[in-house]
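Heads up: the structure comes next, in C-alpha coordinates.
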Number of protein chains: 2
Amino acid sequence: MATGTNPAAAGTPQRILDVAERLVQRRGFNGFSYSNVAAELSVTNASLHYHFPTKAELGEALIARYTERFTAELERIEAGVPDAPGRLAAYADLYADVLRGERMCLCGILAAEYQTLPALMCAAVIRFFDQNEVWLERVLIKGREEGSLSFDGEPRSIAQSILSALEGAMLIARPYDDLERFQSDARRLLTGMLA
Amino acid sequence: MATGTNPAAAGTPQRILDVAERLVQRRGFNGFSYSNVAAELSVTNASLHYHFPTKAELGEALIARYTERFTAELERIEAGVPDAPGRLAAYADLYADVLRGERMCLCGILAAEYQTLPALMCAAVIRFFDQNEVWLERVLIKGREEGSLSFDGEPRSIAQSILSALEGAMLIARPYDDLERFQSDARRLLTGMLA
DNA sequence: GTCTATAGGCAGATAGAC
DNA sequence: GTCTATCTGCCTATAGAC
(Lines give C-alpha, C1' and ligand atoms only; values in the text may rest on other atoms or scores of the structure.)
Protein backbone atom coordinates (compact mmCIF):
# COMPACT_ATOMS: atom_id res chain seq x y z
CA MET A 1 0.00 0.00 0.00
CA ALA A 2 1.42 3.30 -1.05
CA THR A 3 -0.28 5.06 1.84
CA GLY A 4 0.79 2.57 4.46
CA THR A 5 -2.71 2.29 5.86
CA ASN A 6 -4.58 -0.86 6.81
CA PRO A 7 -5.04 -2.74 3.49
CA ALA A 8 -8.54 -3.91 4.29
CA ALA A 9 -9.68 -0.36 4.94
CA ALA A 10 -7.58 1.40 2.32
CA GLY A 11 -10.44 1.85 -0.13
CA THR A 12 -13.00 3.05 2.37
CA PRO A 13 -13.10 6.72 1.38
CA GLN A 14 -13.45 5.65 -2.25
CA ARG A 15 -16.31 3.30 -1.45
CA ILE A 16 -18.03 6.02 0.53
CA LEU A 17 -17.68 8.36 -2.42
CA ASP A 18 -18.99 5.68 -4.79
CA VAL A 19 -22.19 5.22 -2.81
CA ALA A 20 -22.69 8.92 -2.05
CA GLU A 21 -22.10 9.82 -5.68
CA ARG A 22 -24.80 7.49 -6.92
CA LEU A 23 -27.22 8.74 -4.27
CA VAL A 24 -26.60 12.40 -5.15
CA GLN A 25 -26.89 11.77 -8.88
CA ARG A 26 -30.23 10.05 -8.33
CA ARG A 27 -31.75 11.94 -5.40
CA GLY A 28 -29.86 15.21 -5.16
CA PHE A 29 -27.64 16.61 -2.43
CA ASN A 30 -30.65 17.47 -0.26
CA GLY A 31 -32.22 14.09 -0.97
CA PHE A 32 -29.67 11.81 0.70
CA SER A 33 -28.18 11.46 4.18
CA TYR A 34 -25.16 10.00 5.92
CA SER A 35 -27.47 7.24 7.13
CA ASN A 36 -28.33 6.24 3.57
CA VAL A 37 -24.65 5.82 2.76
CA ALA A 38 -23.88 4.06 6.04
CA ALA A 39 -26.69 1.54 5.54
CA GLU A 40 -25.43 0.56 2.10
CA LEU A 41 -21.90 0.08 3.33
CA SER A 42 -22.95 -1.61 6.58
CA VAL A 43 -20.96 0.82 8.67
CA THR A 44 -22.08 3.41 11.18
CA ASN A 45 -22.88 7.02 10.66
CA ALA A 46 -19.98 8.00 12.93
CA SER A 47 -17.52 6.09 10.77
CA LEU A 48 -18.43 8.21 7.76
CA HIS A 49 -17.79 11.38 9.73
CA TYR A 50 -14.26 10.15 10.42
CA HIS A 51 -13.51 10.22 6.67
CA PHE A 52 -15.68 13.21 5.76
CA PRO A 53 -16.31 15.34 8.86
CA THR A 54 -19.10 17.42 7.33
CA LYS A 55 -21.58 16.91 4.54
CA ALA A 56 -20.14 19.96 2.80
CA GLU A 57 -16.69 18.35 2.73
CA LEU A 58 -18.18 15.15 1.40
CA GLY A 59 -19.89 17.17 -1.32
CA GLU A 60 -16.66 18.94 -2.24
CA ALA A 61 -14.84 15.62 -2.48
CA LEU A 62 -17.60 14.25 -4.71
CA ILE A 63 -17.36 17.13 -7.17
CA ALA A 64 -13.55 17.04 -7.15
CA ARG A 65 -13.42 13.34 -7.97
CA TYR A 66 -16.20 13.60 -10.55
CA THR A 67 -14.45 16.48 -12.28
CA GLU A 68 -11.13 14.61 -12.34
CA ARG A 69 -12.75 11.54 -13.83
CA PHE A 70 -14.64 13.57 -16.40
CA THR A 71 -11.49 15.43 -17.36
CA ALA A 72 -9.70 12.12 -17.84
CA GLU A 73 -12.48 10.99 -20.16
CA LEU A 74 -12.14 14.15 -22.20
CA GLU A 75 -8.41 13.56 -22.58
CA ARG A 76 -9.11 9.98 -23.59
CA ILE A 77 -11.45 11.25 -26.31
CA GLU A 78 -8.87 13.67 -27.64
CA ALA A 79 -6.30 10.89 -27.71
CA GLY A 80 -8.58 8.35 -29.38
CA VAL A 81 -10.83 10.33 -31.71
CA PRO A 82 -9.09 12.41 -34.37
CA ASP A 83 -11.95 14.41 -35.94
CA ALA A 84 -13.93 17.17 -34.23
CA PRO A 85 -17.43 15.84 -35.08
CA GLY A 86 -16.44 12.47 -33.66
CA ARG A 87 -15.23 14.13 -30.48
CA LEU A 88 -18.53 15.92 -30.02
CA ALA A 89 -20.41 12.66 -30.55
CA ALA A 90 -18.14 10.97 -28.00
CA TYR A 91 -18.80 13.86 -25.61
CA ALA A 92 -22.55 13.29 -25.90
CA ASP A 93 -21.94 9.58 -25.34
CA LEU A 94 -20.41 10.38 -21.95
CA TYR A 95 -23.73 11.90 -20.94
CA ALA A 96 -25.62 8.91 -22.34
CA ASP A 97 -23.50 6.61 -20.21
CA VAL A 98 -24.40 8.55 -17.08
CA LEU A 99 -28.07 8.37 -18.01
CA ARG A 100 -27.81 4.61 -18.58
CA GLY A 101 -26.89 4.34 -14.89
CA GLU A 102 -30.22 6.03 -14.17
CA ARG A 103 -28.31 9.06 -13.00
CA MET A 104 -28.24 12.76 -13.73
CA CYS A 105 -24.92 14.53 -14.32
CA LEU A 106 -23.58 15.23 -10.81
CA CYS A 107 -23.07 18.93 -11.46
CA GLY A 108 -26.31 19.16 -13.42
CA ILE A 109 -28.36 18.03 -10.45
CA LEU A 110 -26.30 20.25 -8.14
CA ALA A 111 -27.05 23.17 -10.44
CA ALA A 112 -30.73 22.66 -9.64
CA GLU A 113 -29.99 22.80 -5.91
CA TYR A 114 -27.42 25.57 -6.33
CA GLN A 115 -29.05 28.08 -4.00
CA THR A 116 -28.93 25.64 -1.10
CA LEU A 117 -25.31 24.49 -1.50
CA PRO A 118 -22.30 25.46 0.66
CA ALA A 119 -20.15 28.12 -1.01
CA LEU A 120 -17.21 25.85 -1.82
CA MET A 121 -19.50 23.40 -3.59
CA CYS A 122 -20.99 26.23 -5.64
CA ALA A 123 -17.56 27.29 -6.81
CA ALA A 124 -16.65 23.71 -7.71
CA VAL A 125 -19.82 23.25 -9.77
CA ILE A 126 -19.02 26.37 -11.77
CA ARG A 127 -15.46 25.15 -12.34
CA PHE A 128 -16.81 21.87 -13.72
CA PHE A 129 -18.99 23.67 -16.23
CA ASP A 130 -16.20 26.06 -17.18
CA GLN A 131 -13.82 23.16 -17.80
CA ASN A 132 -16.35 21.49 -20.04
CA GLU A 133 -16.85 24.67 -22.00
CA VAL A 134 -13.13 25.19 -22.44
CA TRP A 135 -12.76 21.67 -23.81
CA LEU A 136 -15.75 22.04 -26.15
CA GLU A 137 -14.46 25.39 -27.33
CA ARG A 138 -11.14 23.81 -28.23
CA VAL A 139 -12.87 21.07 -30.21
CA LEU A 140 -15.01 23.61 -32.03
CA ILE A 141 -12.03 25.77 -32.97
CA LYS A 142 -10.13 22.77 -34.25
CA GLY A 143 -13.14 21.59 -36.26
CA ARG A 144 -13.57 24.97 -37.87
CA GLU A 145 -9.89 25.17 -38.78
CA GLU A 146 -10.00 21.71 -40.32
CA GLY A 147 -13.24 22.42 -42.11
CA SER A 148 -15.02 19.52 -40.42
CA LEU A 149 -17.33 21.89 -38.51
CA SER A 150 -19.00 25.10 -39.58
CA PHE A 151 -20.94 27.47 -37.35
CA ASP A 152 -21.73 31.11 -36.80
CA GLY A 153 -20.67 33.00 -33.69
CA GLU A 154 -18.07 32.63 -31.00
CA PRO A 155 -16.87 29.08 -30.30
CA ARG A 156 -17.16 29.65 -26.56
CA SER A 157 -20.76 30.71 -26.95
CA ILE A 158 -21.57 27.58 -28.99
CA ALA A 159 -19.82 25.51 -26.35
CA GLN A 160 -22.11 26.99 -23.69
CA SER A 161 -25.16 26.14 -25.76
CA ILE A 162 -24.01 22.55 -26.25
CA LEU A 163 -23.47 22.11 -22.52
CA SER A 164 -26.88 23.61 -21.69
CA ALA A 165 -28.67 21.52 -24.28
CA LEU A 166 -27.12 18.24 -23.17
CA GLU A 167 -27.78 18.94 -19.48
CA GLY A 168 -31.37 19.80 -20.34
CA ALA A 169 -31.80 16.68 -22.43
CA MET A 170 -30.61 14.61 -19.45
CA LEU A 171 -32.85 16.46 -17.02
CA ILE A 172 -35.99 15.79 -19.04
CA ALA A 173 -35.15 12.31 -20.32
CA ARG A 174 -34.74 10.95 -16.79
CA PRO A 175 -38.35 11.36 -15.57
CA TYR A 176 -39.44 9.68 -18.81
CA ASP A 177 -36.78 7.01 -18.24
CA ASP A 178 -36.09 7.26 -21.96
CA LEU A 179 -32.50 6.99 -23.12
CA GLU A 180 -33.50 7.16 -26.78
CA ARG A 181 -35.19 10.45 -26.15
CA PHE A 182 -31.90 11.82 -24.84
CA GLN A 183 -29.99 10.54 -27.82
CA SER A 184 -32.50 11.90 -30.27
CA ASP A 185 -32.41 15.31 -28.58
CA ALA A 186 -28.61 15.29 -28.40
CA ARG A 187 -28.27 14.45 -32.09
CA ARG A 188 -30.69 17.14 -33.17
CA LEU A 189 -29.27 19.81 -30.90
CA LEU A 190 -25.71 19.14 -32.05
CA THR A 191 -26.46 18.93 -35.77
CA GLY A 192 -28.70 21.98 -35.51
CA MET A 193 -26.01 24.21 -34.07
CA LEU A 194 -23.34 22.96 -36.42
CA ALA A 195 -25.38 22.97 -39.61
CA MET B 1 -67.07 36.52 -1.32
CA ALA B 2 -68.05 33.74 -3.62
CA THR B 3 -66.90 31.12 -1.15
CA GLY B 4 -68.61 32.65 1.84
CA THR B 5 -65.43 32.41 3.91
CA ASN B 6 -63.92 35.06 6.12
CA PRO B 7 -62.90 37.85 3.71
CA ALA B 8 -59.69 38.64 5.52
CA ALA B 9 -58.56 35.01 5.24
CA ALA B 10 -59.98 34.24 1.82
CA GLY B 11 -56.67 34.46 0.03
CA THR B 12 -54.66 32.48 2.54
CA PRO B 13 -54.22 29.30 0.48
CA GLN B 14 -53.13 31.45 -2.45
CA ARG B 15 -50.60 33.34 -0.37
CA ILE B 16 -49.26 30.08 0.98
CA LEU B 17 -48.88 28.80 -2.57
CA ASP B 18 -47.19 32.03 -3.63
CA VAL B 19 -44.50 31.72 -0.97
CA ALA B 20 -44.06 27.96 -1.32
CA GLU B 21 -43.82 28.26 -5.09
CA ARG B 22 -41.01 30.76 -4.92
CA LEU B 23 -39.16 28.67 -2.34
CA VAL B 24 -39.45 25.50 -4.44
CA GLN B 25 -38.39 27.26 -7.63
CA ARG B 26 -35.31 28.62 -5.87
CA ARG B 27 -34.39 25.84 -3.44
CA GLY B 28 -36.17 22.72 -4.65
CA PHE B 29 -38.88 20.62 -3.03
CA ASN B 30 -36.37 19.01 -0.66
CA GLY B 31 -34.81 22.39 0.09
CA PHE B 32 -37.72 24.11 1.81
CA SER B 33 -39.94 23.38 4.82
CA TYR B 34 -43.30 24.33 6.25
CA SER B 35 -41.41 26.49 8.73
CA ASN B 36 -39.84 28.52 5.93
CA VAL B 37 -43.27 29.31 4.53
CA ALA B 38 -44.78 29.98 7.95
CA ALA B 39 -42.02 32.42 8.88
CA GLU B 40 -42.54 34.49 5.73
CA LEU B 41 -46.29 34.69 6.27
CA SER B 42 -45.99 35.22 10.04
CA VAL B 43 -48.31 32.33 10.79
CA THR B 44 -47.66 29.03 12.52
CA ASN B 45 -46.66 25.74 11.08
CA ALA B 46 -49.95 24.20 12.24
CA SER B 47 -51.94 26.79 10.33
CA LEU B 48 -50.33 25.70 7.07
CA HIS B 49 -51.26 22.09 7.76
CA TYR B 50 -54.90 23.15 8.02
CA HIS B 51 -54.83 24.30 4.39
CA PHE B 52 -52.41 21.69 3.06
CA PRO B 53 -52.39 18.66 5.37
CA THR B 54 -49.27 17.06 3.91
CA LYS B 55 -46.27 18.35 2.02
CA ALA B 56 -47.20 16.05 -0.86
CA GLU B 57 -50.61 17.72 -1.15
CA LEU B 58 -48.98 21.13 -1.06
CA GLY B 59 -46.66 20.00 -3.84
CA GLU B 60 -49.55 18.72 -5.95
CA ALA B 61 -51.40 22.02 -5.50
CA LEU B 62 -48.27 23.92 -6.55
CA ILE B 63 -47.88 21.98 -9.78
CA ALA B 64 -51.61 22.18 -10.56
CA ARG B 65 -51.68 25.95 -10.19
CA TYR B 66 -48.41 26.42 -12.05
CA THR B 67 -49.64 24.29 -14.94
CA GLU B 68 -52.94 26.20 -15.11
CA ARG B 69 -51.15 29.52 -15.20
CA PHE B 70 -48.68 28.33 -17.81
CA THR B 71 -51.48 26.97 -19.96
CA ALA B 72 -53.25 30.32 -19.75
CA GLU B 73 -50.07 32.02 -20.93
CA LEU B 74 -49.86 29.67 -23.89
CA GLU B 75 -53.43 30.48 -24.86
CA ARG B 76 -52.65 34.16 -24.52
CA ILE B 77 -49.75 33.73 -26.92
CA GLU B 78 -51.90 31.93 -29.48
CA ALA B 79 -54.49 34.69 -29.24
CA GLY B 80 -52.01 37.54 -29.48
CA VAL B 81 -49.23 36.29 -31.78
CA PRO B 82 -50.30 35.21 -35.26
CA ASP B 83 -47.09 33.73 -36.72
CA ALA B 84 -45.42 30.51 -35.59
CA PRO B 85 -41.88 31.91 -35.21
CA GLY B 86 -43.25 34.70 -33.04
CA ARG B 87 -45.06 32.16 -30.89
CA LEU B 88 -41.87 30.22 -30.31
CA ALA B 89 -40.05 33.40 -29.37
CA ALA B 90 -42.86 34.30 -26.97
CA TYR B 91 -42.64 30.79 -25.52
CA ALA B 92 -38.93 31.28 -24.81
CA ASP B 93 -39.78 34.66 -23.26
CA LEU B 94 -41.97 32.89 -20.70
CA TYR B 95 -38.88 31.03 -19.53
CA ALA B 96 -36.85 34.22 -19.49
CA ASP B 97 -39.46 35.84 -17.25
CA VAL B 98 -39.18 32.97 -14.75
CA LEU B 99 -35.42 33.30 -14.77
CA ARG B 100 -35.67 37.04 -14.18
CA GLY B 101 -37.38 36.19 -10.88
CA GLU B 102 -34.21 34.24 -10.02
CA ARG B 103 -36.23 31.07 -10.29
CA MET B 104 -36.01 27.80 -12.15
CA CYS B 105 -39.05 26.40 -13.96
CA LEU B 106 -41.08 24.69 -11.22
CA CYS B 107 -41.31 21.40 -13.09
CA GLY B 108 -37.73 21.67 -14.28
CA ILE B 109 -36.41 21.75 -10.74
CA LEU B 110 -38.84 19.01 -9.73
CA ALA B 111 -37.51 16.91 -12.62
CA ALA B 112 -34.10 17.03 -10.95
CA GLU B 113 -35.63 15.73 -7.70
CA TYR B 114 -37.95 13.34 -9.50
CA GLN B 115 -36.76 10.17 -7.79
CA THR B 116 -37.60 11.58 -4.36
CA LEU B 117 -41.08 12.93 -5.15
CA PRO B 118 -44.44 11.42 -4.11
CA ALA B 119 -46.09 9.50 -6.94
CA LEU B 120 -48.87 12.02 -7.61
CA MET B 121 -46.34 14.81 -7.99
CA CYS B 122 -44.35 12.72 -10.45
CA ALA B 123 -47.42 12.20 -12.61
CA ALA B 124 -48.24 15.92 -12.51
CA VAL B 125 -44.71 16.89 -13.58
CA ILE B 126 -44.95 14.57 -16.59
CA ARG B 127 -48.34 16.04 -17.50
CA PHE B 128 -46.85 19.54 -17.46
CA PHE B 129 -44.11 18.54 -19.88
CA ASP B 130 -46.56 16.66 -22.10
CA GLN B 131 -48.84 19.68 -22.28
CA ASN B 132 -45.95 21.88 -23.28
CA GLU B 133 -44.93 19.46 -25.99
CA VAL B 134 -48.45 19.24 -27.36
CA TRP B 135 -48.62 23.02 -27.61
CA LEU B 136 -45.20 23.30 -29.23
CA GLU B 137 -46.09 20.53 -31.66
CA ARG B 138 -49.19 22.43 -32.72
CA VAL B 139 -47.17 25.58 -33.31
CA LEU B 140 -44.61 23.67 -35.34
CA ILE B 141 -47.23 22.01 -37.53
CA LYS B 142 -48.92 25.32 -38.19
CA GLY B 143 -45.60 26.95 -39.02
CA ARG B 144 -44.70 24.25 -41.47
CA GLU B 145 -48.12 24.46 -43.17
CA GLU B 146 -47.80 28.22 -43.48
CA GLY B 147 -44.22 28.00 -44.68
CA SER B 148 -42.95 30.17 -41.81
CA LEU B 149 -41.02 27.24 -40.29
CA SER B 150 -39.05 24.46 -41.91
CA PHE B 151 -37.55 21.45 -40.20
CA ASP B 152 -36.75 17.79 -40.66
CA GLY B 153 -38.38 15.06 -38.61
CA GLU B 154 -41.53 14.68 -36.54
CA PRO B 155 -42.96 17.87 -35.05
CA ARG B 156 -43.46 16.17 -31.70
CA SER B 157 -39.84 15.14 -31.62
CA ILE B 158 -38.71 18.71 -32.34
CA ALA B 159 -41.07 19.93 -29.65
CA GLN B 160 -39.35 17.61 -27.16
CA SER B 161 -35.96 18.95 -28.13
CA ILE B 162 -37.09 22.55 -27.72
CA LEU B 163 -38.44 21.82 -24.25
CA SER B 164 -35.24 20.02 -23.21
CA ALA B 165 -33.02 22.75 -24.58
CA LEU B 166 -34.87 25.57 -22.84
CA GLU B 167 -35.01 23.75 -19.51
CA GLY B 168 -31.29 23.06 -19.81
CA ALA B 169 -30.52 26.66 -20.66
CA MET B 170 -32.40 27.74 -17.51
CA LEU B 171 -30.68 25.15 -15.36
CA ILE B 172 -27.20 26.30 -16.35
CA ALA B 173 -27.87 30.04 -16.61
CA ARG B 174 -29.06 30.23 -13.01
CA PRO B 175 -25.80 29.34 -11.24
CA TYR B 176 -24.10 31.90 -13.47
CA ASP B 177 -26.91 34.36 -12.67
CA ASP B 178 -26.77 35.30 -16.34
CA LEU B 179 -30.04 36.05 -18.10
CA GLU B 180 -28.27 36.99 -21.32
CA ARG B 181 -26.63 33.62 -21.43
CA PHE B 182 -30.07 32.02 -21.35
CA GLN B 183 -31.34 34.25 -24.11
CA SER B 184 -28.32 33.63 -26.26
CA ASP B 185 -28.66 29.86 -25.79
CA ALA B 186 -32.40 29.96 -26.43
CA ARG B 187 -31.97 31.92 -29.65
CA ARG B 188 -29.28 29.62 -30.98
CA LEU B 189 -31.08 26.43 -30.03
CA LEU B 190 -34.31 27.55 -31.65
CA THR B 191 -32.80 28.88 -34.85
CA GLY B 192 -30.56 25.82 -35.09
CA MET B 193 -33.41 23.35 -35.02
CA LEU B 194 -35.56 25.36 -37.39
CA ALA B 195 -32.91 26.29 -39.93
C1' DG C 1 -10.86 3.20 11.86
C1' DT C 2 -14.91 1.65 13.67
C1' DC C 3 -17.89 1.29 17.30
C1' DT C 4 -21.81 2.81 21.01
C1' DA C 5 -24.06 6.45 22.78
C1' DT C 6 -25.80 10.77 22.59
C1' DA C 7 -26.39 15.62 21.78
C1' DG C 8 -29.18 19.37 19.68
C1' DG C 9 -31.89 20.73 16.08
C1' DC C 10 -35.28 20.63 12.64
C1' DA C 11 -38.45 17.95 9.86
C1' DG C 12 -43.51 16.74 8.97
C1' DA C 13 -47.54 16.14 11.38
C1' DT C 14 -51.50 16.04 15.08
C1' DA C 15 -54.59 17.28 19.30
C1' DG C 16 -57.27 20.34 21.24
C1' DA C 17 -58.20 25.20 23.04
C1' DC C 18 -59.87 29.53 21.33
C1' DG D 1 -58.79 29.37 10.80
C1' DT D 2 -55.24 30.13 13.82
C1' DC D 3 -53.13 29.26 17.93
C1' DT D 4 -50.01 26.54 21.71
C1' DA D 5 -48.15 22.44 22.78
C1' DT D 6 -46.43 18.24 21.68
C1' DC D 7 -45.06 13.86 19.26
C1' DT D 8 -42.06 11.08 16.65
C1' DG D 9 -38.52 10.62 13.74
C1' DC D 10 -34.57 11.82 11.16
C1' DC D 11 -30.83 14.89 10.46
C1' DT D 12 -25.75 16.41 11.05
C1' DA D 13 -22.32 16.05 14.23
C1' DT D 14 -19.38 14.82 18.43
C1' DA D 15 -17.29 12.24 22.63
C1' DG D 16 -14.99 8.60 24.02
C1' DA D 17 -14.29 3.38 24.36
C1' DC D 18 -12.12 -0.30 21.79
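By convention in this document, chain letters (A, B, ...) are assigned in the order of the sequence lines, proteins followed by strands, and residues within each chain are numbered from 1. Fair warning: this is a prediction, and the values are worked out from it, not measured in the lab.
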With a 4.0 Å limit, can you tell me whether Ser47(A) has a side-chain N or O closer than that to the phosphate oxygens OP1/OP2 of dG1(C)? no
Below 3.5 Å, can you tabulate the donor-acceptor pairs from side chains in residues 111-127 of chain A to any protein atom, sequence neighbours excluded?
{"unit_1": "Glu113(A)", "atom_1": "OE1", "unit_2": "Phe29(A)", "atom_2": "N", "d": "2.6"}
{"unit_1": "Glu113(A)", "atom_1": "OE2", "unit_2": "Phe29(A)", "atom_2": "N", "d": "3.1"}
{"unit_1": "Glu113(A)", "atom_1": "OE2", "unit_2": "Asn30(A)", "atom_2": "N", "d": "2.9"}
{"unit_1": "Gln115(A)", "atom_1": "NE2", "unit_2": "Glu102(B)", "atom_2": "O", "d": "3.4"}
{"unit_1": "Thr116(A)", "atom_1": "OG1", "unit_2": "Asn30(A)", "atom_2": "ND2", "d": "2.9"}
{"unit_1": "Thr116(A)", "atom_1": "OG1", "unit_2": "Glu113(A)", "atom_2": "O", "d": "2.8"}

Quick one: bend of the helix from dG1(C)-dC18(D) to dC18(C)-dG1(D) from 5 pairs per end, to 10°? 0°
Salt bridge (charged side-chain N to carboxylate O under 4.0 Å, His left out) pairs, two or more places apart, involving residues 186-195 of chain B: none
Within residues 159-195 of chain B or reaching into it, pairs that qualify as ring pair (Phe, Tyr, Trp, His ring centres under 6.0 Å) - sequence neighbours excluded: none
Test side chain to side chain contact (heavy atoms under 4.5 Å, CB included) applied to Ser148(B) - qualifying residues, sequence neighbours left out: Ala84(B), Pro85(B), Glu146(B)
Trace of the side chain to side chain donor-acceptor pair (under 3.5 Å) decision for Thr71(A) with Gln131(A): CA-CA 8 Å; Thr71(A) 301; Gln131(A) 251 180 261; 2.6 Å; yes
Selection: residues 18-27 of chain B, any non-hydrogen atom under 4.0 Å of DNA chain C: none
Pairing residues for Pro155(A) by the side chain to side chain contact (heavy atoms under 4.5 Å, CB included) criterion, not counting sequence neighbours: Glu137(A), Leu140(A), Ile141(A), Arg144(A), Phe151(A)
List the residues meeting side-chain hydrogen bond (donor to acceptor under 3.5 Å, both in side chains) with Arg181(A), not counting sequence neighbours, and say none if there are none. Glu133(B)
From CG of Leu41(A) over to C1' of dG1(C), roughly how many Å is that when rounded to an integer? 14 Å
Side chain to side chain contact (heavy atoms under 4.5 Å, CB included) filter on Asn45(B), not counting sequence neighbours, yields Tyr34(B), Ser35(B), His49(B)
Distance in angstrom units between Tyr50(A) OH and dA15(D) P, rounded: 16 Å
Qualifying side chain to side chain donor-acceptor pair (under 3.5 Å) pairs with a residue from residues 75-94 of chain A, counting only residues at least two apart or across chains: Glu73(A)-Arg76(A), Glu78(A)-Trp135(A), Glu78(A)-Arg138(A), Tyr91(A)-Tyr95(A), Tyr91(A)-Asn132(A)
To the nearest angstrom, the CG-C1' distance between Leu48(B) and dT14(C) comes to 14 Å
Output yes when at least one side-chain N/O atom of Thr12(A) is less than 4.0 Å from OP1 or OP2 of dT2(C), else no. yes
Would you mind building the protein contact string for nucleotides 7-12 of chain D? One character per nucleotide, 5' to 3', B for base within reach (heavy atoms under 4.0 Å), S for sugar-phosphate only, - for untouched. ----SB
Nearest-0.5 Å distance that lies between atom CG in Leu166(A) and atom CG in Leu99(A): 11.0 Å
Those residues that, when tested against Glu40(A), pass salt bridge (Lys or Arg N to Asp or Glu O under 4.0 Å) (two or more places apart): Arg22(A)
Using atom NE2 of His51(B) as one end and atom P of dT14(C) as the other, report the distance to the nearest whole Å. 16 Å
